[in-house]
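This report concerns only the one structure given below.
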2 protein chains.
Amino acid sequence: MKDIAEHLGLSQTTVSHVLTGKHRKFRISPATVERVWRLAEKLGYRANVMARAFRERRSYAVCLAVEDLQNPFWAGIAIGAEREAEEHGYALVVTDLGGSAERLRRALQLVRDQRVDGLIVSPVRGSDAELAAAHRHGLPLVQVDRAVARLPVACVRTDHEAGSVLAVRHLLTRGRRDVVYVGGPLDIPNYRQRLAGFRKELRRHRLQPAAELILDDPSPAEAERAVARVLRDVQRPLALFAANYALTVGTLRAIRAASRAVPDDVELVGFDDIQMADLLLYPVTTVDQDVSSIGREAVRLLLDAIRTGRRSAQHVLLPPRLIPR
Amino acid sequence: MKDIAEHLGLSQTTVSHVLTGKHRKFRISPATVERVWRLAEKLGYRANVMARAFRERRSYAVCLAVEDLQNPFWAGIAIGAEREAEEHGYALVVTDLGGSAERLRRALQLVRDQRVDGLIVSPVRGSDAELAAAHRHGLPLVQVDRAVARLPVACVRTDHEAGSVLAVRHLLTRGRRDVVYVGGPLDIPNYRQRLAGFRKELRRHRLQPAAELILDDPSPAEAERAVARVLRDVQRPLALFAANYALTVGTLRAIRAASRAVPDDVELVGFDDIQMADLLLYPVTTVDQDVSSIGREAVRLLLDAIRTGRRSAQHVLLPPRLIPR
DNA sequence: ATGAAAGCGCTAACAA
DNA sequence: TTGTTAGCGCTTTCAT
């Protein structure tokens, strides 16, 4: 900027005004604007991001803290978020929480250190208080996939309830009447909503669930044990609805261990899509989430919050999609 | 720092010396050091990362540019890299290249804009010249998984050749004698090395390959077509070795389409591990890479290059591991 | 419509 | 062993 100013016999201030697009506000003459632009172009001027960040106290970076990057669901969100951030000139710092509140604390540290201007996060267990505190301190925050209860912070996620409805409707269409729900603990809103959709759609058809497996620990191992028990006790044909990826895996293992025939004897729908599903032992219909859009929309909301200073508590629900198999 | 200095009747410089750990170098008295530390602690002093970055012309962030974040291989590398970076006080900016040289150019822009101090990258096709140029300009660079030929830049990857040897040896142990190689184009060193290991181990046993499928486009679809042809032409029992994840998927599809019996009739080993492999239609033995270590080691090398200014061209080869199934 | 000047928080060359 | 001073590149307030 100094160079350009000297070459043009202008002040650095004026150059700054032009180069940051504030020439309207400062009523810089079109001729000057043009001259500055030309020379900047010719000299290959690039703003020093660090200097600007330092001065403005903004880093032009945001952080995405996901639960588990190895899960294609989260990886997809990261990809969408990165694309969107890049298009707005923001860098995306990705953090893998691995379910640990301690690692979330570190992510919040990033913000306090001004390394990032805002945070997109999927609340892990035991992080509610911290997130609430961060929000009170004015940190621009957007939640994805999950939302902390009674926290007025924006959230972008799939319409879980609608997903369950899709799943159940699919099973009913195939003539199933005995449907089992396999889900996680109800203190997690996600699972509450998925269960609600499940119940709602069954009730609409005046049916009772064959069973509702509410697992404290929504891991493949737990799902396998619980489903195995049901398959042992109930010998008539069954339909199963597993409320997420891990539970679907466990359910599949239980089905295999019980040597039940799919889809004639038991049939399965799982939340979250599965890569190479066609190569699986059994056909699994899935409720696919639009992961990329979740990421993009979260970034959009966050940047909006950063720029306007407004703290929207809007919840954006994206529709799921059934992939029958 | 100013506050601390005033409270203690010291100069800001001295405080800086202490707080940045340079008190030995400047022979600050232990008493002073102690006083500064105490007060900093009490005041909850945290260095302004932006100010430091601005002044030192370093961002204390590095960028990891991966081929495809949805692939568990790359996601695993990202996780390892992030952990290691964090432990050194560095932030990790993750970029998904999606195989596009254009997006790599953007990543290089990040460096030129000083938003990151260095780059870990898996070279995509058509990016060789750009990476070479970046390296000439002195950009701290580390390659992962792949290396640009004749570019004196460090690289961290699995010992592909050793992986192939493991795979072939496994198949031979199972009594197979007719082994087919399914791999990608030989202008990519990865595939050259995997093929080399394959040939080497066969030769050691004085065997000829049953076939070598060298695909220009290493996609599942191409692999499926090529393998289908072989399965049609060769009716005797076969062993297949697929040189990466995508090729393994295609090969599996071909096997299914041909209705060959696994493992009695045909048997498969694939490079790169597969999640939920136990739930696949067929058992697939895999050559697993230590992805997390690749990420960690890459960051270590990069930070070393950044700190020392040395540009090592060291290639770190990590041993693969066979997961028999 | 343009410019002067101050200052963001920190580091480092140099002085004492 | 500690302090003085300058300056990194930019934005912004206030003059003109």
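Each chain gets a letter, A, B and so on, in the order the sequences are listed, and its residues count up from 1. Just so you know, these numbers use all the heavy atoms, side chains as well, and skip hydrogens, waters and symmetry mates. Every value quoted in this text rests on a predicted model; they were computed, and no experiment measured them.
Taking the side chain of B:Ser11 as heavy atoms from C-beta on, and the options D:dT11, D:dT4, D:dT1, the nearest nucleotide is D:dT4. Side-chain proximity of B:Leu10 to the nucleotides D:dT2, D:dC10, C:dG9 is greatest for D:dT2. Of the candidates C:dA12, D:dT12, D:dT11, D:dT12 carries the atom nearest the A:Thr13 side chain, counting heavy atoms from C-beta on. Comparing C:dC10, D:dT12, D:dT13 by their nearest atom to the side chain of A:Arg55 picks out D:dT12. Listed nucleotides D:dC10, D:dT1, C:dA1 differ in distance to B:Arg27; the shortest reach to its side chain belongs to D:dT1. Comparing C:dC10, D:dG3, D:dC10 against the side chain of A:Met1 picks out D:dC10 as the nearest.
In this model, the phosphate group of D:dG3 is approached by a side-chain N or O of B:Thr14 to a distance below 4.0 Å at OP1 or OP2. Remark: A:Tyr45 is not in phosphate contact with D:dG9, judged by side-chain N or O atoms under 4.0 Å from OP1 or OP2. The side chain of B:Lys22 contributes an N or O atom lying less than 4.0 Å from OP1 or OP2 of C:dA12. For B:Arg52 and D:dC8, the shortest distance from a side-chain N or O to OP1 or OP2 is not below 4.0 Å.
A:Arg38 and A:Glu41 are not joined by a salt bridge, as no carboxylate oxygen comes within less than 4.0 angstrom of a charged side-chain nitrogen. Under 4.0 Å is where a charged nitrogen must lie from a carboxylate oxygen, and between A:Glu102 and A:Arg105 at least one such pair does. Between B:Arg103 and B:Glu67 there is no salt bridge, since no side-chain nitrogen of the basic residue lies less than 4.0 Å from a carboxylate oxygen of the acidic one.
No contact: B:Ala53 has no heavy atom under 4.0 Å from any strand.
Nearest-nucleotide mapping onto DNA chain C: of A:Val33 and A:Gln12, the residue sitting toward the 5' end is A:Val33. Nearest-nucleotide assignment on DNA chain D puts the 5′-proximal partner with B:Thr32, out of B:Thr32 and B:Phe54.
Relative to the ring axis of A:Phe26, A:Arg24 does not place its NZ or CZ within 45° and under 6.0 Å from the centre. Annotation: cation-pi geometry not satisfied between A:Arg57 and A:Phe54 (NZ/CZ under 6.0 angstrom from ring centroid, within 45° of ring axis).
If you measure from atom NZ of B:Lys25 to atom C1' of D:dT2, you get 15 Å, rounded to the nearest angstrom. Atom CD in A:Glu34 sits roughly 14 Å away from atom P in C:dT2 (whole-Å rounding). Separating the CZ atom of A:Phe26 from the P atom of C:dA4 is a distance of 15 Å, rounded to the nearest angstrom.
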